[in-house]
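The structure displayed is predicted, hence computed values, not measured ones. Convention: sequence-line order gives letters A, B, ...; per-chain numbering from 1.
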Amino acid sequence: MTTAQRELSNRDIAQVLLEMAALYEMEEVPFKPRAYERAAMAIAALDEPLAQRYAQGGLAALTALPGVGKSIAEHLKELLETGTFREYERLKRKVPVNLGELLAIEGVGPKMVKALWQQLGIRDLADLERAARAGQIRHLPHFGVKTEEKILRGIELLRSAQGRRLLGEVLPEARQLEATLRAFPEVEVAMVAGSVRRMRETVGDLDFLVISSQPQAVMERFVRLPVVQHVYSKGETRTSVRLHSGLDADLRVVPAASFGAALSYFTGSKAHNIALRELAIKQGYKLNEYGLFKGERRVAGASEEELYAALGLAFIPPELREDSGEIEAAQRHALPQLIDYHDLRGDLQVQTNWTDGAHSIEEMVEAAMAAGLEYIAITDHTKSLAMTRGADEDKLRRQMEAIAALNAKLRQAGKRFTVLSGAEVNINRDGSLDIDDAVLAELDVVGAAVHSHFNLPRAEQTRRVLRAMENPHVDILFHPTGRLIHRRPPIDLDIEAVIEAAQRTGTVLEINAMPDRLDLRDEYIRKCVAAGVRMAIDSDAHAVEHFRYLALGIGQARRGWAERRHIVNAWPLAQMRKMLKSA
DNA sequence: GCCGTTTTCGGCCCGACTGTTTTCAGTCG
């Protein structure tokens, strides 16, 4: 072997399996698509690189994954060892298009891709856009003007992502690179700055800042990292690269005396920086990335704490630096005591393999304990979401019994952990729920959620959601706006009315921590804080690995100025339960 | 192709919406 072959990431591998599912879908092969999708999900949710898992545990470690059996494990082995596998190549030959690109468009599925390729030779996004703009698609059988318009809108939406990526997707990569830099012998301190540090829900690129007295050696090492694909520029203080993951990354090397000023400057936001510099000028200073200066003399700059203090400000946590009132609050020393990343005691939305989750109740409990939680609510889907094998009243009752038995077992084993029974109940079009009130009354935690009719007009949608919140058994409104970042817009809700109703009815609003949900979003959280509405930060875990997403929800809550007192699952169990309507 | 509190073969789950259609396919959750 000459140069090391770049290792496939779990994301790459999951993508290949998803393409397999789509290819089988085109062939109208029954059941296989679901099987491949399930396997893709399991791999995408994995923390540890699949290659590493395979290297250590062989085929058995692969088949141990949920949804991975003998055949898929064999395919994965081949994929890991050779970069592809025969069955994938065979299927791809039949429809040789850029599947990932085309399927990323909302409303475009495998059948449409196949038809477009067969009839118009469309192979990628550019082909598709050209054909749609030329009005060619509307003339195909089973297509029409509306479909053509939908495709163009879908492409627009995809574009508006502007190459920004989900924080949850980027954060592990950023932390890993940060650790790599920290381990360089010439590096004294390394930190990730930018929007990652501010925990913005999406990230455009990565900014790293290091202290070193040997910048050239650091830059040399940096550009030779295997994660680096292309070097845009390389200098003494700044190097700019494209990573294999598709992200751009900047590395800046600064002397220790400037680190705080540089960290502040490169953390942003731009608006916060400008406001800070204006404040400095008013006080007779000059502020730049090298420090706070009075004339030629540097009065602060080694640490952020020192910098903010010199300006007469309380330390402003990075999540608040958006120039949305934080500087004024810091002047009055009236910043909120933000909820901390270690403050959560429970998780009030957890799915299991009773419906569309990957793992059993017991496995989720184990993982929650390992994540340092004291309680979780099991909230599987209900019946009208049939594709998830949603629970009906009988199934919910059976699950309540299973949970009661598990709690008894935990107590017997001396474990201080409580499993609450719950459900993620569907809100019907008219605002009624798809589970009988009598059964809801027996559950510890009832979450209600919109999973259908996303496009109702504002008045009707708001009326619908309010009616659900007024149900005396509904404790929490799950992912209140239903948005999927970069994929689906939020439902059209009068958010003020929802917050007012939450206050009036005592309904908790969720901050769903899934990377592509983060719903409520930061600005709505801040409205809730102002209105004194309680919220819950939930992982919405569908697999044991998902509890780590809670950190994203906490980041979002901090961006919304939330304190521990606003977040019910940061409270001890007894206090939290008293807060719920059904208690 | 996966899986097992319906257990090693025979299931794999439904229902709504949209846009295209004359009775339904594709997509989504």
Working for side chain to side chain donor-acceptor pair (under 3.5 Å), residues A:Asn569 and A:Asp347: CA-CA 6 Å; A:Asn569 55 318; A:Asp347 188 343; 5.4 Å; no
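Across all strands, A:Val29 comes closer than 4.0 Å to no nucleic acid atom at all (heavy-atom distances). Residue contacts for A:Leu484: at a heavy-atom cut-off of 4.0 Å it reaches the sugar-phosphate backbone alone, with no base atom in range. A:Val145 comes within 4.0 angstrom of the backbone, heavy atoms only, and of no base. Among the protein residues, A:Pro66 comes within range of the sugar-phosphate backbone only, with heavy atoms under 4.0 Å from sugar or phosphate atoms but none that close to a base.
For B:dG15 and B:dT21, the P atoms lie 27 Å apart once the distance is rounded to whole Å. Nucleotides B:dG10 and B:dC17 have their C1' atoms positioned 32 Å apart, rounded to a whole Å. Distance check on atom P: B:dT22 versus B:dG26 gives 14 Å, rounded to whole Å. Nucleotides B:dT23 and B:dG29 place their P atoms 30 Å apart, quoted to the nearest Å. If you take atom P in B:dT20 and the same atom in B:dA25, they sit 16 Å apart, rounded to whole Å. Rounded to whole Å, the separation between the P atoms of B:dT18 and B:dG11 comes to 35 Å. Comparing the P positions of B:dG19 and B:dC2 gives a spacing of 37 Å, expressed to the nearest Å. The same atom, P, is picked in B:dT8 and in B:dC3; the two are 16 Å apart, to the nearest Å.
Side-chain N or O atoms of A:Arg483 include one that pairs as donor or acceptor with a backbone N or O of A:Arg517 at under 3.5 Å. Under a 3.5 Å cut-off, the side chain of A:Thr84 and the backbone N or O of A:Leu79 do not form any donor-acceptor pair.
Between the side chains of A:Asn512 and A:Asp540, at least one donor N or O sits under 3.5 Å from an acceptor N or O. At a cut-off of 3.5 Å, with distance as the only test, a side-chain donor of A:Tyr54 or A:Glu81 sits close to an acceptor on the other residue. For A:Glu148 and A:His139, the side-chain atoms include no donor-acceptor pair closer than 3.5 Å. A side-chain N or O of A:Ser360 and one of A:Glu363 form a donor-acceptor pair less than 3.5 Å apart. Remark: the A:Thr462 side chain and the A:Asp494 side chain contain no N/O donor-acceptor pair separated by less than 3.5 Å. With hydrogens and angles left out, the side-chain atoms of A:Thr481 and A:Asp519 include a donor and acceptor closer than 3.5 Å.
For the pair A:Tyr88 OH and B:dG1 C1', the computed distance is 18 Å after rounding to whole Å. For A:Glu37 and B:dG29, the CD to P distance is 11 Å, given to the nearest whole Å. In this structure, CZ of A:Arg34 is placed 15 Å from C1' of B:dG11, rounded to the nearest angstrom. Summarising the geometry, the separation between CZ on A:Phe31 and P on B:dC14 is reported as 10 Å, rounded to the nearest angstrom. The separation between A:Tyr36 atom OH and B:dC3 atom P is 13 Å, rounded to whole Å. Atom NE2 of A:His451 and atom P of B:dT27 are 22 Å apart (whole Å). In this structure, A:Leu116 places its CG atom 13 Å from P of B:dT20, rounding to the nearest Å. Atom pair A:Phe143:CZ and B:dT21:P shows a separation of 10 Å (rounding to whole Å applied).
The aromatic rings of A:His546 and A:Tyr549 sit parallel, their planes meeting at an angle under 30°, below the 60° perpendicular limit. Between A:His381 and A:His451, the angle of the ring planes goes over 60°, which puts this pair in the perpendicular group of the 30/60° scheme.
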For nucleotides 22-26 of chain B, print each protein N/O atom paired with a nucleotide N/O atom at under 3.5 Å, atom names and distance only.
from	atom 1	to	atom 2	distance (Å)
B:dG26	OP2	A:Lys111	NZ	3.2

Close N/O contacts between protein and nucleotides 16-18 of chain B (under 3.5 Å):
from	atom 1	to	atom 2	distance (Å)
B:dA16	O3'	A:His453	NE2	3.3
B:dC17	OP1	A:His453	NE2	2.2

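Checking B:dG29, B:dG19, B:dG1 against every side-chain atom of A:Thr147, the shortest atom distance belongs to B:dG19.
OP1 or OP2 of B:dG29 sits under 4.0 Å from a side-chain N or O of A:Arg488.
In terms of position on DNA chain B, the residue among A:Glu25 and A:Glu148 whose nearest nucleotide sits closer to the 5' end is A:Glu148.
When both pairing distances are held under 3.5 Å, B:dT8 makes no Watson-Crick or G-U pair with any nucleotide shown.
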